[in-house]
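Below is one structure, written out as C-alpha cells, with a few remarks after it.
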Amino acid sequence: MSNFNFDETTYLQQYADVAQSVANGVYNSGLEHWIKFGFAEGRTPQINFNEQFYLDFNSDVAAAVKNGGFSSALEHYALFGAGEGRAAVSPISDFNETAYLQANSDVAQAVANGLFNSGFQHWIEFGVTEGRNAATSFRENFYLDFNPDVAAAVRNGNFTSGLEHYLMFGAAENRAANATATRANSLLQQVLDRGVLRVAVYDDAVGFSQQAADGSFSGIGIDFSRALANALFGNPDAIEYVVVEAGQDFNAVASGAVDIAATLPTHSVLRDATLGVDYSPTVFFDTQGVMVRGDSGISSVEQLSGTSIGVLAGTRSQQNLEDAARRAGITLNIQTFASQDALFAAYDAGQIGAVSMNRGALSSRIPTLSNPGNQVILEQNLGKEPLAFIFPENQSEFGDVVRWAVNAPIQAEFFGINSQNVNEFLDGNSDIKRFLGVDGNLGESLGISNDFALKIIQQIGNYAEIYDRNFDETALPRNLNELMFVEPGGLVYYPPFGGGDRVNVPLVDNDNRNVLQEVLDRGFVRVGVRNDAQGLGFADANGNLSGFDVDFGRAVAAAVFGDPNAVEFVIQTSGAQRFSDVANGIVDVTSRNATHNLRRDALLGVDFAPINSYDAQFVVTPTASGITTLEQLAGGRIGVSAGTTSETRLREKLSELGINAEVVALDNFQTIFQQYINGELDAITGDGGLIISSLLTLPVEQRDQHQPFPDVLGEEPLAMVVDENQSQWKDVVSGVTYALYEGLELGLTSENVAEAVNSSDPVVRRFLGGEGNIGASLGLPNDFALNVISAVGNYQEMSDRNFPGIPFDEAAAAPYTEGGSLFSIPFA
C-alpha cells in the first residue's frame, strides 16, 4: 500500500478508536482504516488530495469508481495512483468552472447529460486542443514552444496536449506554465495599465524628432516610438509627447517623468554609467561632422582656428570638438545653443561661421537654410555617435519590450518584409511565422501581443522604409546603417526572434541585491565557463583553464580588481546553467557565451552584455560522405548540444522540411564530437566556435576531412550573461567587452598599452585612465581598460591566441573602421 503523503501519526492521534483497532490487529495501519472507512466517514487526515480533479483527470479511475471497483478516487490513488505517479491535486488553481460552462453552452449540456463530470474534465480532454479559452494562467502554445521535448511527445502521440503533460509531470518538474509574470510594480506594468506611452522628444531635430505646424511629430525617433506603442497597445498613436530641451532628456527619463526618450542621445559608457538610464539597441549609427559655408575656403578641421563654431548644449559635440582641436594644435571659439532652431538661425544669419553636430542632423538641416547650395560638411569625422532610446535603468522587463520593438523593423528588412507585402508572408517558413506571431508566443513571452512585430510592420514598416521616410539617401547615404552581413554591409543587426531554452531549476527573485558590491566585498569575481571545448573553455590534465571565454572572465577580474587571477571559475556542465547560475546568484557573470535571442532575454531572468562573437550555426559532415544538405541526412543521426538554441533550431528545421532524422542531444559536446569521429553520428551541428574548438583537437592533417554545409541554419550572436535588473553590474561587464573592441580600434595591444597612457590623443588618455573618470563612473579604477588589455590583449589578440591557424570571417572579427562588424560605443 502506497504511503504517499498520509500522516500516520497524526491520524492515530486524532482518532483514538482507530489507534486501538490498529493495536488490536483489526487494521494494519491508520491508512488502511482511512481508505476503507475513514474517507466515507468524513475523517480528515493530513493529505493533499482533490477527489474531483483525480476523477476528471483519470477517466479510467472514474469508470472504475462508477462500476464499484473502488469506493473512491482516493482509494485508487492510495493503492495504485501514488505509485504510478498520478497527480493528486491540480496545479491549475485558477480554472473557473462556472465561467467555462457559461462560455461553452455545448459543454454545459454535455456535463448535464453526464458525458463529462465537469467543465474542467472537458477542458483537459478536449477544450485546450480546440483552443477554448479557460482564462487560466496555463498557456498551451507557450508550454509547447518553450518545451520542445513535450512538443515532440505530443506530435508522436505520447500525450494529447501540453496540458496533459503539465498536469502529469511538468508541474512537478517546475516547468513554467506561462511566460514570466510581469512584476506588479514594474515600469512595463505601469505603462500597460496606463494605456499610453510617455515619450520625451525634441521639436526641432529635423529627421529625428520634429514637430510640424499642426502639432504632429515626425522623425526616426518618432517612428520607433510609434513602433513601441504599437507593440504595447496595438495602437501607434497611444503616445503622450513631452517636449524637452537639449540635455534634459536624461533627467526626464531617470526621474520617471517620461517612460522613454526619442531624442536619441548618443550611447556612451560614461552616460550609461552615470545618468540613471539604460539604452536600447542603436537606432541610427552616426558620426560628428562640421558644416561650413562653401565659399569660406575651409576644407579641414585644422583651418577652423579662430572660427566661431556653434554646438548644441548638453551633447557630446563640444568635447569632440575640443579633442579635435587638441590633436590639431589649434584653438577654437565654441559657442553653445539651447536648441537646434537657435543654433541654425545664428548660423544662417552669419553670427557663427560653422556648426558641429551629428552628420544626420547637419544633412537634414541643409535644405532649411537660406542658401543650401553653399553648405559643405567636412570629410573628417570628429567622433562616433551611436544614437538610441533611453529608458530608466533596472527596468529589464520594459527594456526587453523596447529592445525587440526596435529589432522588429530590422529583422523585417532582412526577411524582405515591408508594410506593403507583409500579409504575403503570413504563411512563410517557421522563422517568419514565429516572427509575425502566426506561430509560437514570442510576444506573450514579453508580456505583449504575439503579433506585435506584424502590427509594427503593417503600421510603421521595416527599417529601410523608416530610413527613407525620414532621410534623403542621396544626401545622407545609409552607410553604417546598412544591414550587417548583407551587401553592401553596415552595423545594423538583429538578434534572433526565437529561442526555446528553459532552465531546470526554479529562478530566484533577487532583484534587490547589488552584484557589483557583492563582488567588491568578496574580493574576486565568480565566472561561469565550460571546460570541454578547446579554444573556448578547456581544462588541461592539471585542471588549468584556457580559452576565449576564459579570457573574458579574466578580463572582468582585471577590470574590477586590477588582477586577472582574482576570479573563481565555475564549471557549467549544461547549457541551462548559463542562465540559472546567473539568475540565482551562483555566478556573477556567465562567460560560457550564449546566443542572445528573444526568449532567453524575456524568460530566463537574465540580461546580455554586448555581442562579442557574431557566430552562426553550422552543420558539419565528413567530406568523404558527400553530404551537404539536411535532406541527405534523412534516416541519419545528428549530434547537438542539449538545451541550446542549436537543438531547437535543428528540430524545427527538420520538422519544417519533413526530414526524419534522429537528433542526438547530449550535454557534453566533446562526447558528441567523439561519437561523430567514431562514425556513430552522421553529422554534428552547433556554433561555429564550438565546432572549430572540436576540430582543433584533431591532428592537423585530419582537420580538412570535415566540411560545413554551404548554408547555415541561423545566426548565433554570442554574449556574456548577467542577472537582470542589475544595470550597474551590466555596465561593468559591457564596459569590459567594449574595451576589447576599443583597444583594437585604437591600435592598442598588450605590448604597447602601458606606454600609450602618455599619448597626446585625449581619446586614448581618457580610455586608459590617464585623464577623466570613466572608470570611477563604473565603480572601477580609472585605469580599468589599461588593466584589461594588459592582461588579455585586445579582441584580435584573444582570437589569435585561442584559435591559432583558424581563419575567421574578416568582417566578423575586424573593427568597423576597417569595414568590419566590431563596434564599441564611445567611452566618454
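Since the structure is predicted, the reported quantities are computational estimates derived from the model, not experimental observations.
Counting only distance, with no hydrogens or angles, the side chain of Asn58 and the backbone of Asp60 share no donor-acceptor pair below 3.5 Å. Remark: side-chain polar atoms of Glu444 are not paired, donor with acceptor, to backbone N or O of Asn450 under 3.5 angstrom. At distances below 3.5 Å, at least one donor-acceptor pair connects side-chain atoms of Asn514 with backbone N or O atoms of Leu516. No donor-acceptor pair under 3.5 Å is formed between the side chain of Glu397 and the backbone N or O of Leu188.
Expressed to the nearest 0.5 Å, how far CD of Glu32 lies from OG of Ser21 amounts to 10.5 Å. Put simply, NE2 on His76 and CG on Leu55 are 10.5 Å apart, with the number rounded to the nearest 0.5 Å. Atom CG of Asp687 sits about 5.0 Å away from atom OG1 of Thr595, to the nearest 0.5 Å. Atom-to-atom distance recorded for Gln728:CD and Gln517:CD is 8.0 Å, nearest 0.5 angstrom. If you take CG on Leu657 and CG on Leu633, they are separated by 11.0 Å, rounding to the nearest 0.5 Å. Between atom CD of residue Gln395 and atom CD of residue Glu724 there is a gap of 10.5 Å, rounded to the nearest 0.5 Å.
Note on Glu656 versus Lys433: no salt bridge recorded, every NZ/NE/NH1/NH2 to OD/OE distance being 4.0 Å or above.
Counting all heavy atoms, side chain and backbone alike, Tyr676 lies closest to Ile684 at CB-CG2, 3.6 Å. For the residue pair Val664 and Arg637, the shortest heavy atom distance occurs at CG2-NH2, 3.5 Å. The two atoms that bring Lys653 and Leu630 nearest to each other are CG-CD1, 3.6 Å, heavy atoms only. The heavy-atom pair separating Ser90 from Leu167 by the smallest distance is OG-CD2, 4.2 Å. Looking at every heavy atom in both residues, Ser161 comes nearest to Thr129 through CB-CG2, 3.7 Å. Shown here for Leu101 and Gly119, the closest heavy-atom pair between the two residues is CD2-CA, 3.8 Å.
Using a 4.5 Å heavy-atom threshold, the side chains of Pro495 and Arg403 count as separate. Residues Arg522 and Asp588 are in side-chain contact: their nearest non-hydrogen atoms beyond the backbone lie under 4.5 Å apart. Trp729 is not listed as a side-chain neighbour of Glu518, based on a closest heavy-atom distance of 4.5 Å or more. At least one side-chain heavy atom of Ile92 sits under 4.5 Å from a side-chain heavy atom of Tyr166. Counting heavy atoms from C-beta outward, Gln670 and Arg530 have side chains that stay 4.5 Å or more apart. Two residues are said to be in side-chain contact when any heavy atoms from C-beta on lie closer than 4.5 Å; Phe452 and Val401 fail this criterion. Looking at heavy atoms from C-beta onward, Phe95 lies out of side-chain contact with Phe53 at the 4.5 angstrom threshold. Counting heavy atoms from C-beta outward, Ile571 and Leu545 have side chains that approach closer than 4.5 Å.
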Subject >> Full working for side chain to side chain donor-acceptor pair (under 3.5 Å) between Asn678 and Gln674 >> reply: CA-CA 6 Å; Asn678 293 342; Gln674 193 57 53; 3.0 Å; yes
Original post:
Do Leu650 and Gln617 pass the side chain to side chain contact (heavy atoms under 4.5 Å, CB included) test, and can you show the C-alpha distance, the side-chain angles, and the key distance before you say yes or no?
Top reply: CA-CA 9 Å; Leu650 173 64; Gln617 182 179 347; 4.3 Å; yes
**OP:** Starting from the C-alpha separation in whole Å, work towards a yes-or-no answer on side chain to side chain contact (heavy atoms under 4.5 Å, CB included) for Val191 and Phe233.
**Re:** CA-CA 10 Å; Val191 172; Phe233 312 114; 3.6 Å; yes
Original post:
So Gln52 and Phe120, side chain to side chain contact (heavy atoms under 4.5 Å, CB included) or not? Walk me through it.
Top reply: CA-CA 10 Å; Gln52 187 61 54; Phe120 186 60; over 6 Å; no
Original post:
Does the side chain to side chain contact (heavy atoms under 4.5 Å, CB included) test come out yes or no for Arg434 and Glu652, once each step is laid out?
Top reply: CA-CA 11 Å; Arg434 183 169 51 241; Glu652 287 181 347; 2.7 Å; yes
Subject >> Audit row: Asp549, Arg578, salt bridge (Lys or Arg N to Asp or Glu O under 4.0 Å) steps and yes/no >> reply: CA-CA 12 Å; Asp549 298 347; Arg578 293 175 295 179; over 6 Å; no
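By the 30° and 60° cut-offs, the orientation of the rings of Phe138 relative to Trp123 is perpendicular. Ring pair Phe169/Phe159 is perpendicular by interplanar angle, where above 60° counts as perpendicular and below 30° as parallel. A perpendicular orientation is assigned to the rings of Phe126 and Phe116, their planes being inclined by more than 60° (bins at 30° and 60°). Note: Trp404 and Phe497 have perpendicular aromatic rings, judged against thresholds of 30 and 60 degrees for the angle between ring planes.
Between the side chains of Asn441 and Arg139, not a single donor N or O lies within less than 3.5 Å of an accepting N or O. In summary, the side chains of Asp667 and Ser574 do not present any donor paired with an acceptor at a separation below 3.5 Å, with no hydrogens or angles considered. Checked by atom type, the side-chain pair Tyr15/His33 shows no donor-acceptor distance below 3.5 Å. Side-chain contact annotation: Ser449 with Asp451, donor-acceptor N/O pair under 3.5 Å present.
The number of heavy atoms from other shown groups lying within 6.0 Å of CG (Asn660) does not exceed 12.
Shown are Asn394, Asn510, Asp511; of these, the side-chain hydrogen bond (donor to acceptor under 3.5 Å, both in side chains) with Asn725 is made only by Asp511. Partner of Val589 under the side-chain contact (heavy atoms from CB on, under 4.5 Å) criterion, out of Val582, Val527, Val567: Val527 alone. Considering Arg526, Gln577, Gln572 in turn, Gln572 is the only one that fulfils the side-chain contact (heavy atoms from CB on, under 4.5 Å) rule with Thr590.
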